[in-house]
Amino acid sequence: MSDIKVQLPDGMAVHFPAGVTVRDVIAAWDKSKLKSSVAAQVDGRLVDLSYIVDSDTSIMPISLRSKEGLGILRHSISHVMAQAVQDLFDNVKVTIGPSIEDGFYYDFEYQNTFTPDDLEKIESRMREIIAADHSFSRSSVSREEAVSLFEKKGESYKVELIRDLPEDVEEVTLYSQGGFVDLCRGPHIPSTGMIKAFKLLNVAGAYWRGDEKNAMLQRIYGTGFASEKELKEHMALIEEAKKRDHRRLGKELDLFQINDEAGPGLIIFHPRGALLRTIIEDWEKKEHLKRGYGIVMGPQILKGDLWKKSGHFDQYRENMYYTEVDDQTYGIKPMNCLSHMLIYKSRIRSYRDLPVRYFELGTVHRHEKTGVLHGLLRARQFTQDDAHILCTPDQLNDEISGIIHFINDAMNVFGFTYEVELSTRPAKSIGSDEDWNLATSALQKVLAENQMQYEVNEGDGAFYGPKIDFKLKDALGRKWQCATIQCDFTLPERFDLSYIGPDGEKHRPVMLHRVILGAIERFMGVLIEHYAGAFPLWLSPLQAVVLTVTEKHIPYGQKVLNDLISAEVRAEGDFRNEKLGYKIREGQLQKVPFMLIIGDREVESETVSIRQRNGKKIDSLQVKDFAALVLQMCERHE
RNA sequence: GCCGAUGUAGCUCAGCUGGUAGAGCAACUGAUUCGUAAUCAGUAGGUCCGCGGUUCGAAUCCGCGCAUCGGCUCCA
């Protein structure tokens, strides 16, 4: 038998007889690695440990704790779950069961519904399968064989999957464990016994192949980890996320309500929530003015014909609200661009005038489907920090670059990191291929120039142009879409926008739509969850609360409060007849940055004793010094 | 919009197979005058999401609707 040369991760090249398994190679290299390996990368391709190597190659073991390894583990758990489900229930058809970011799911077709009780039963059956330590074995069969196998089993979804494979695919791979066979590319962990920690989480509906025209399947979500400890940590994270839920904190901190009597998806801001919003909006206005934007304001309703002209009527009709005024149909704006177009058109523009940047805190209404509404994160009325930039094609790069820097600055100020995605032309869209290509490459070019890492989402653009999306990451690592930059070559054309070039001729400007925070409501929701309601001082709608020790300190407390308020510190007083500890507890639960305690000592020395939200004490200060400190910290966005 | 679950006091929740509603916290009143995360006592508070139906009798069973939650699809 001939020898082959295997390149190992540490740079060593070792000879093995051809036909050796990946497992044997890893074992020979480092026994301890084998225990923690779920699969391996052979020439850059993920394969099982049982994979047979018969020519020169490089092998890298995939650890259970790596991202890929965890994905393979979870995918294998989903197979075990599918087996358990089929063992326990009749007339269940399997479909697909991939690993996802935090776990895995498997979609089933099943007449009845899975209950929480069922999940427990499935879990215990899974534990039996794991205890039996069945090995995952891979086999390769022809398409026809696979089709007839799954037809015999009545697994029509699997048959459909195989039939839809590209024509040149002649063989498919199957994985089986303990008598359960699934169509699967693999790889998988060596055997079910390797599963040490998993949990089924919930049941949800999901369309077959993600298309709402298809059958509704039942999806069971679960998660799995290398150890119980990591699973517990993950469950604790889920608990923490629940505590931070902005809907819950919104109520607890008295920020806003969403009321059935008013209507779903409509947010009613209470004084503290409205104050938080005002702080954000004031910051926005200042920042935009600093960057050469003009603040504009458009009407809430515009005539139907204008929405036809813009293309919204064709593309966005089912998301819009309408109203009748003097026998004319008006559209309630779902976007802010129309007025901005009219502002541009209000006079002749020279190339010397460009770029123009119109900024509007534009309140829009969109008829979102009932099932998608979600607190502040998905509402039917929301306010965008929206801007439209009209410029010459030459200026496009600089403008996009400027926006990227703006977004970066904003994310820093609010304490977020972010990821970038580029979305290309969707199926339902307007405009010529040429324009789309031009716009898409412009976005790509600027991203490259700014050395930004990004992912591409094919077909995920807006109907009028490609876009760059910024997904910000909160304290729990969850991602939220907020900022977006969208190219639009269409609207300038539909509105016949022009500018006079150096040549004295009319030219068409190009347009950028962009938002920085996105929707203020959504951004607030993300902020609330990110900070768990404990906003940094500069954002906190309530910065200080004055607490009196006893009744006799109220007059001085009142004076302190008045002084703070006139010094523009956002303060309230708690002069109730309660013990100090009780008031402090409440201030703490309300996450107020500073508590100012007023007792005999403070009245005597004309100071306030300061308790910080983080429990640390700082020295007593005179009111004016405390106020100066607060204003200083706000200035620095602390 | 689709699948599933849920809807009881301001909030969090209990209420077994149908017999007419309860706790803790909050609120209010009184007492207490207190120094860095909960003082004590008392009082009040409910179209049991809405509308129909079954029943001698419905928070409980059935139907329809509304809303919320978890997802899917869609999206800032």
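Model, not experiment: these values are computed from the prediction. In what follows, every chain begins at residue 1, and chains take the letters A, B, ... in the order their sequences are listed.
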Round to a whole Å and report the spacing from [atom1] of [X] to [atom2] of [N].
{"X": "A:D117", "N": "B:G4", "atom1": "CG", "atom2": "P", "result": "18 Å"}
{"X": "A:R248", "N": "B:G10", "atom1": "CZ", "atom2": "C1'", "result": "16 Å"}
{"X": "A:L253", "N": "B:C11", "atom1": "CG", "atom2": "C1'", "result": "14 Å"}
{"X": "A:E252", "N": "B:A26", "atom1": "CD", "atom2": "P", "result": "14 Å"}

**Request:** Would you give a per-nucleotide map of nucleotides 37-52 of chain B, 5' to 3', where B means the base has a protein non-hydrogen atom under 4.0 Å away, S means only the sugar-phosphate does, and - means neither?
**Result:** BBB-------------
**Request:** Mark up nucleotides 59-76 of chain B, 5' to 3', with B wherever a protein heavy atom is under 4.0 angstrom from a base atom, S wherever such an atom reaches only the sugar-phosphate, and - elsewhere.
**Result:** --------SSSBBBBBBB
**Request:** Give the minimum heavy-atom separation between A:G331 and A:W307, together with the two atoms involved.
**Result:** O-NE1, 3.3 Å
**Message:** Quick one: does any side-chain atom of A:T95 pair with a main-chain N or O of A:D107 as donor and acceptor, under 3.5 Å?
**Reply:** yes
Give none if [N] has no partner; otherwise give the nucleotide forming a Watson-Crick or G-U wobble pair with it, both distances under 3.5 Å.
{"N": "B:U55", "value": "none"}
{"N": "B:U29", "value": "B:A41"}
{"N": "B:C11", "value": "B:G24"}
{"N": "B:G46", "value": "none"}
{"N": "B:C2", "value": "B:G71"}
{"N": "B:U17", "value": "none"}
{"N": "B:U60", "value": "none"}

**Message:** Please tell me whether A:F414 and A:W283 form a close aromatic pair, meaning their ring centres lie under 6.0 Å apart.
**Reply:** yes
**Item:** Ring centroid separation A:F108 to A:Y106 under 6.0 Å
**Value:** yes
Work out how far the [atom1] atom of [N] is from that of [M], and round it to whole angstrom.
{"N": "B:C49", "M": "B:C69", "atom1": "C1'", "result": "15 Å"}
{"N": "B:C74", "M": "B:A5", "atom1": "P", "result": "25 Å"}
{"N": "B:C48", "M": "B:G30", "atom1": "C1'", "result": "32 Å"}

**Item:** Of all pairs that satisfy side chain to side chain donor-acceptor pair (under 3.5 Å), the ones with a partner from residues 257-267 of chain A, not counting sequence neighbours
**Value:** A:Q257-A:N259, A:Q257-A:H270
**Item:** Matching residue for A:Y464 among A:H388, A:H513, A:H312 - test: ring-ring contact (aromatic ring centres under 6.0 Å, His included)
**Value:** A:H513
**Request:** Would you check if there is a donor-acceptor pair between the side chains of A:N336 and A:Q384 at a distance under 3.5 Å?
**Result:** yes
**Prompt:** Side chains of A:Q481 and A:R522: do they bring a donor and an acceptor to under 3.5 Å?
**Reply:** no
**Request:** Mind checking A:S609 for me? I need base, sugar-phosphate or nothing, with any heavy atom below 4.0 Å counting as a touch.
**Result:** base
**Prompt:** Only one of A:K93, A:R125, A:E155 clears side-chain hydrogen bond (donor to acceptor under 3.5 Å, both in side chains) with A:Q86; which?
**Reply:** A:E155
